[in-house]
Engineer: 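Take this structure, written in structure tokens, and hold onto it; I'll ask about it next.
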Amino acid sequence: MSTPYPFTAVVGQSDLRLALLLNAVSPAVGGVLVRGEKGTAKSTAVRALSALLPQVDVVSGCRFSCAPATPDPACPDGPHESGPGGARPARMVELPVGASEDRLVGSLDIERALAEGVKAFEPGLLADAHRGILYVDEVNLLHDHLIDLLLDAAAMGASYVEREGVSVRHAARFLLVGTMNPEEGELRPQLLDRFGLTVEVAASREPAQRVEVVRRRLAYEDDPAGFATRWAGDEHEVRARVVAARALLPKVSLGDNALLQIAAACAGFEVDGMRADIVMARTATALAAWAGRTEVRKEDVRQAALLALPHRRRRNPFDAPGIDEDLLDRILDEFPDEEPEPEPEPDPEPGPGTEGPEDDGPGDGGPDGGGGLPPQGGEPEDPGPSAETPETPETPGTPGTPETGEAPAEAPQPSAQEAGGPEQAAVRAAEPFRTRMLSVPGLGEGASGRRSRARTAHGRTTGAQRPRGHLTKLHLTATIQAAAPHQRARGRDGRGLVIRKDDLRQATREGREGNLVLFVVDASGSMAARQRMSAVKGAVLSLLLDAYQRRDKVGLITFRGASAELALPPTSSVDAAAARLEQLPTGGRTPLAAGLLKAHEVLRIERLRDPSRRPLLVVVTDGRATSAGNAGGRTDSSPRELAGHSARLLQAAGVASVVVDCESGPVRLGLAGVLARDLGGPSVTLDGLRADSLAGLVKNVRTAVASTASPNSSNRRAA
């Protein structure tokens, strides 16, 4: 809609509103990452922030928003003459997840650059966002090459466009704001650390507050302009307060005691590097300015820690963000304020929305006061009885259900005779380790990643071809070779080449792609020994960590008892797979064929959804098959024969597979090796899966794609 939803009309979400406003007061804080479930007003609040930012003074006619007082000497539109310039509203620029590199950094006309020596540059989104806000919705789904460009621009404050020796540079300093749903995957650690603050948001469980959200949203959709008009006064008050806090910010004193508190908090939570200390210092200073004070207090440092540290204390991708507030209080109590508390300052004017617009009826203020104004003095708002910690489950556990990860009592279970034994409680996974690399053979064209060879937009140049559309990566040598034979016919009379569009050649490049790694895990009674299952879970967890680092999608299938279950549909959220694995119980017979057929079905559907992403099937089992389960309803074959038939079905579909042999003990039946032969892939033991093992040489997973390859030889090929 053309009229944005007013920032001050957002109900609840006090931490989110505070973090955004602190960045409006001090852009040096470094932006905000908003994590939370869908439908929690993340994007609404972010898009509404731009209306509260002060206007920006710019050089008239400059496409790169140079400041009149300090223009960029390297500006492509420069040099600029001194003058008063003009003013425009601060920009909110959105970066689509599927944007191209040229759309982000800008595009250079290579044909004119080669033929005429002219730098014809079209600015991209980084230029538009200079001195404004760059907003990335679903930032965790952003492609790696775009993340690399964002990291470079954020680190240097400038954007560089390089095309075969032709370079353009312009300033690119922006406030980076991202929103994401953790269920869809996590961010790369490098980009995660670039966000100054992080906020976790969740929908309120308080009926009155939810009613107020619905009431305001319906009123806005019925009449956006009228709704915005009713909140215009509140918006003006907050905008004025932002301007006042910006003016006060240089006068705020950050004393040695506050710096000690900041350093102690960062050291106590063992955060990496020094960026956290700097961000906390800037945030605490902005909090003091927002409260109208010229000195930083302990409550400012505490609030700054709650916003700046949660995403920096994660030790591995599967750790949930957050900090222990009791520990934080104990650390800060060691450094009490040196001076006694000053006399209470007069209360500022009531925050906007304290008495919501009369047009919206009773309860318009909402449980949080309604105006969207964060708490005074950096103190968090009283969330009331509706506030719940993120760890609180949405659905209480069934009475009598042990808190050990067992399946609920009401879930259908096979009979004891069919299951082959009682279900055992879930066990914890062993410590993860660095695994050897498993990859899919051949050359793919899937999404960029770090696992298998593929044709990508980035990587080493392997050849040249005519561009199919817009030229993005020029192959200079091939272009000159194509143009050289025609120079006399084209009437060349100078030193420069006569280049035509038909001469341009696109560079073909080879890099790495991310794959769909589908885990099929045996959870039957033969795997149920606690020490053994702990080792198996540790191995799968290690493979999941490897999949996270290589930018893969993952899925998890488990089989036990009489059937196979898709425990986690293919997703980019590797930590969700780790959580499902941790809760996995064991016990019952081994329906190996059912697990393989379930994998065949899942991969068939995923091939239709994402045909360019190649799959890698990882079967974790000892190879035993003691139950037919629901494997196609066939009763004329033994469980072992059904498993072999199902495996050969996957091999015929060209699925690259590897079997992780979990068999242990002095007597080995070698059934996992037989299964690997039927799948047309290798078999690797749990010990051999380690990257530091003698057998851990990095080789491709082989599939039976060559009709001349014998089944026996394919099993001996290493992963």
Engineer: Have Thr621 and Asp522 got a donor and an acceptor in their side chains that come within less than 3.5 Å?
Structural biologist: yes
Engineer: Could you tell me if the side chain of Leu150 sits less than 4.5 Å from the side chain of Leu134, heavy atoms only?
Structural biologist: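 Heavy-atom side-chain distance check passes, below 4.5 Å.
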Engineer: So, Thr685 versus Asp687: side-chain donor-acceptor pair below 3.5 Å or not?
Structural biologist: no
Engineer: Using a strict threshold of under 4.0 Å (side-chain N to carboxylate O), is an ion pair present between Asp622 and Arg624?
Structural biologist: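 Counted as a salt bridge, because a side-chain N and a carboxylate O are separated by less than 4.0 Å.
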Engineer: Residues in side-chain hydrogen bond (donor to acceptor under 3.5 Å, both in side chains) with Thr558, at least two apart?
Structural biologist: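 With sequence neighbours excluded, Thr558 shows a side-chain hydrogen bond (donor to acceptor under 3.5 Å, both in side chains) to no residue whatsoever.
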Engineer: Exactly one of Arg455, Arg614, Arg512 should register a salt bridge (Lys or Arg N to Asp or Glu O under 4.0 Å) with Glu445. Which one does?
Structural biologist: Arg455
Engineer: Out of Leu516, Val655, Val602, which one pairs with Arg607 under the side chain to side chain contact (heavy atoms under 4.5 Å, CB included) rule?
Structural biologist: Val655
Engineer: In terms of side-chain geometry, is the basic nitrogen of Lys537 or Glu582 positioned less than 4.0 Å from the acidic oxygen of its partner?
Structural biologist: no
Engineer: In terms of side-chain geometry, is the basic nitrogen of Asp546 or Arg436 positioned less than 4.0 Å from the acidic oxygen of its partner?
Structural biologist: no
Engineer: What heavy-atom pair brings Ala643 and Leu596 nearest, and what distance separates the two atoms?
Structural biologist: O-CD1, 3.6 Å
Engineer: Any side-chain heavy-atom pair from Val93 and Leu126 closer than 4.5 angstrom?
Structural biologist: no
Engineer: Could you go through the side chain to side chain contact (heavy atoms under 4.5 Å, CB included) check for Gln651 and Leu679 one step at a time?
Structural biologist: CA-CA 5 Å; Gln651 180 186 10; Leu679 285 168; 5.5 Å; no
Engineer: Which heavy atom of Ala523 sits nearest a heavy atom of Arg560, and at what distance?
Structural biologist: O-CB, 3.5 Å
Engineer: Answer yes or no: is there a side-chain heavy-atom contact under 4.5 Å between Arg451 and Val440?
Structural biologist: no
Engineer: Report the residue from Thr198, Leu33, Val139 that forms a side chain to side chain contact (heavy atoms under 4.5 Å, CB included) with Leu192.
Structural biologist: Leu33
Engineer: So how far is it from Leu438 CG to Ser657 OG, rounded to the nearest 0.5 Å?
Structural biologist: 11.5 Å
Engineer: May I ask you to say whether Arg609 pairs ionically with Glu606, meaning some side-chain N is under 4.0 Å from a carboxylate O?
Structural biologist: yes
Engineer: Are the side chain of Ser542 and the backbone of Phe433 linked by a donor-acceptor contact shorter than 3.5 Å?
Structural biologist: yes
Engineer: Mind checking side-chain hydrogen bond (donor to acceptor under 3.5 Å, both in side chains) for Asn140 and listing every partner two or more places apart, or none if nothing turns up?
Structural biologist: none
Engineer: Quick test of your reading of the model: are Asp272 and Arg312 salt-bridged, counting only N-O distances below 4.0 Å?
Structural biologist: no
